[in-house]
Amino acid sequence: MINSFLIPKPPLFSFQECLWFLDRGYGDCLFRVKNRQVLKAILVEGSPVVFAVHEYENNLKVNVLEGNCSKNGEAFIWQYLTEWFDLGKDLSPFYNLLNQDLRVAYMVENFNGLRLMGIEDLFEALCWSIIGQQINLNFAYKLKRKLVEAYGTKVFYEDEIFYLFPEPAVISRISIPDLKAMQFSESKATYILEVARAFVENRLSKEILTALPGFEIRQKALIAIKGVGVWTANYVLMKTLRDASSIPFGDVGLLKALVSHQIINERKEVEKISAFFSNYKGWESYLVFYLWRSLSTPVFQAK
DNA sequence: AACCAGGCTGCGC
DNA sequence: GCGCAGCATGGT
């Protein structure tokens with residue numbers, strides 16, 4: 001059984017910047033940040049494992065806190081963390097691009113080593129982005145917490161409870177009134193049940209979506225689901241499939257950041273936005289993520 | 001108390 | 001194809 005192992009840190013990687021993002025004050029119910037570590041429960045070879053990650057010299061050190069972890073399990077967690085923290089990416093081309101534009105060049109220093117934090121589970125990502133539609137993030141995190149605490153699998157470690165995001169089969173059996181009782185709007189409830197059904201009936205999965213050729217076809221497949229529009233589809237493609245060119249168009253946070261960086265003057269200036277992003281081919285999603293990050297720095301909070 | 005929030009659907013043109 | 005109202009619900 002594996003108790004701990006090391007993952008070497010790549011260049012231009014800041015664990016603290018990533019932790020800062022994870023812990024930016026919304027109280028996500030699917031992991032915990034404390035003492036410069038992140039603690040999370042995931043399914044490893046079919047059974048729940050709680051692990052903690054912290055920096056150790058030039059590595060990330062993973063401690064398995066709860067559950068059994070074989071050598072294969074270690075490889076699985078390694079892969080999971082590599083994807084979650086996007087450890088395989090070389091950020092230097094992105095930083096070269098940022099440095100060419102004085103409006104955003106400061107990010108290279110201020111957010112140095114920040115990785116685009118993913119959502120590895122496609123079902124979770126879809127539910128989360130539907131929950132987040134048109135409501136403020138505080139409320140969105142509250143809704144997610146209610147759903148997860150009511151229907152997610154609990155994993156106990158010491159005196160704490162860790163949650164796994166509920167399986168599609170579990171969510172597909174929730175009634176609309178039950179979701180409404182948790183303050184889901186009727187449409188959000190309908191959309192989430194439909195997504196759950198698509199997974200249960202094997203019409204949709206990360207494998208199926210990944211196997212589709214090209215960004216636009218994947219986007220179309222997602223938008224075919226009722227309740228999924230361009231914003232949701234692109235958000236999911238960015239966070240789960242890591243499509244580098246994905247931009248969640250229309251996102252209010254993105255628009256706010258573009259205005260505060262004086263890249264656009266008004267939110268409707270669509271051509272200006274695509275002109276701006278055309279300088280960042282292959283790094284659009286990273287640019288979006290860094291612009292979102294900027295919203296948490298006092299200077300750029302003004303609208 | 002109006003206006004906004006990490007949008008989407010359905011309708012009319 | 002494009003624009004716009006209507007939608008629910010909580011936060012400021």
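Within every chain, numbering begins at 1; the chains are lettered A, B, ... in the order of the sequence lines, protein sequences first and strands thereafter.
A salt bridge is defined here as a Lys NZ or Arg NE, NH1 or NH2 lying under 4.0 Å from an Asp or Glu carboxylate O, and A:Arg145 with A:Glu149 meets this definition. Note on A:Lys239 versus A:Glu124: no salt bridge recorded, every NZ/NE/NH1/NH2 to OD/OE distance being 4.0 Å or above. One finds no salt bridge joining A:Asp23 and A:Lys34 here, because no Lys/Arg side-chain nitrogen approaches an Asp/Glu carboxylate oxygen to under 4.0 Å.
For A:Leu255 and B:dG7, the CG to C1' distance is 12 Å, given to the nearest whole Å. The NZ-C1' distance, from A:Lys146 to C:dA8, rounds to 14 Å in whole Å. Distance A:Leu254 CG to B:dG7 C1': 14 Å, rounded to the nearest Å. Note: CG (A:Leu222) to C1' (B:dT9) measures 17 Å, nearest angstrom. Rounded to whole Å, atom C1' of B:dG7 lies 14 Å from atom CG of A:Leu143. Atom CD1 in A:Ile135 sits roughly 17 Å away from atom P in B:dC4 (whole-Å rounding). Spacing between atom CD1 of A:Ile223 and atom P of B:dG10 amounts to 14 Å, rounded to whole angstrom units. In this structure, A:Lys256 atom NZ and C:dT12 atom P are separated by 12 Å, rounded to whole Å.
Nearest nucleotide to the A:Asn138 side chain, out of B:dC8, C:dT12, C:dA8: C:dT12. Distance from the side chain of A:Gln133 is smallest to B:dG7 among C:dT9, B:dA5, B:dG7. Relative to the side chain of A:Gln134, the nucleotides C:dG11, B:dC8, B:dA5 differ in distance, and B:dA5 lies closest.
In this structure, A:Lys188 does not reach the B:dC8 phosphate: none of its side-chain N or O atoms is under 4.0 Å from OP1 or OP2. Between A:Arg267 and the phosphate of B:dA5, there is a side-chain N or O to OP1/OP2 separation shorter than 4.0 Å.
By the 6.0 Å and 45° rule, A:Arg24 stacks over the aromatic ring of A:Phe21. Under the 6.0 Å distance and 45° angle rule, A:Lys40 counts as a cation-pi partner of A:Trp84.
Side-chain polar atoms of A:Asn234 and A:Gln219 form a donor-acceptor pair below 3.5 angstrom. Under the 3.5 Å distance criterion, with hydrogens and angles disregarded, no donor-acceptor pair is assigned to the side chains of A:Ser70 and A:Asn72.
B:dA1 and C:dA8 are spaced 23 Å apart, taking the P atom of each and rounding to whole Å. When the P atom is compared between B:dC3 and C:dG6, the two are found 15 Å apart, to the nearest whole Å.
Residue whose closest nucleotide on DNA chain C sits further toward the 5' end, between A:Asn136 and A:Ser187: A:Ser187.
Residues from residues 276-290 of chain A placing a heavy atom under 4.0 Å of any atom in DNA chain C do not occur. Heavy-atom distances under 4.0 Å link DNA chain C to no residue of residues 225-244 of chain A.
A:Arg24 comes within 4.0 angstrom of a nucleotide base, judged by non-hydrogen atoms across all strands.
In terms of modelled atom types and a separation under 3.5 Å, the side chain of A:Lys206 and the main chain of A:Asp121 share no donor-acceptor contact.
You'll find the ring centres of A:Tyr280 and A:Tyr286 outside the 6.0 Å limit. A centroid separation of less than 6.0 Å is found between the aromatic rings of A:Trp128 and A:Tyr141.
With hydrogens and angles ignored, no donor-acceptor pair closer than 3.5 Å exists between the side chain of A:Glu186 and the base of C:dA8.
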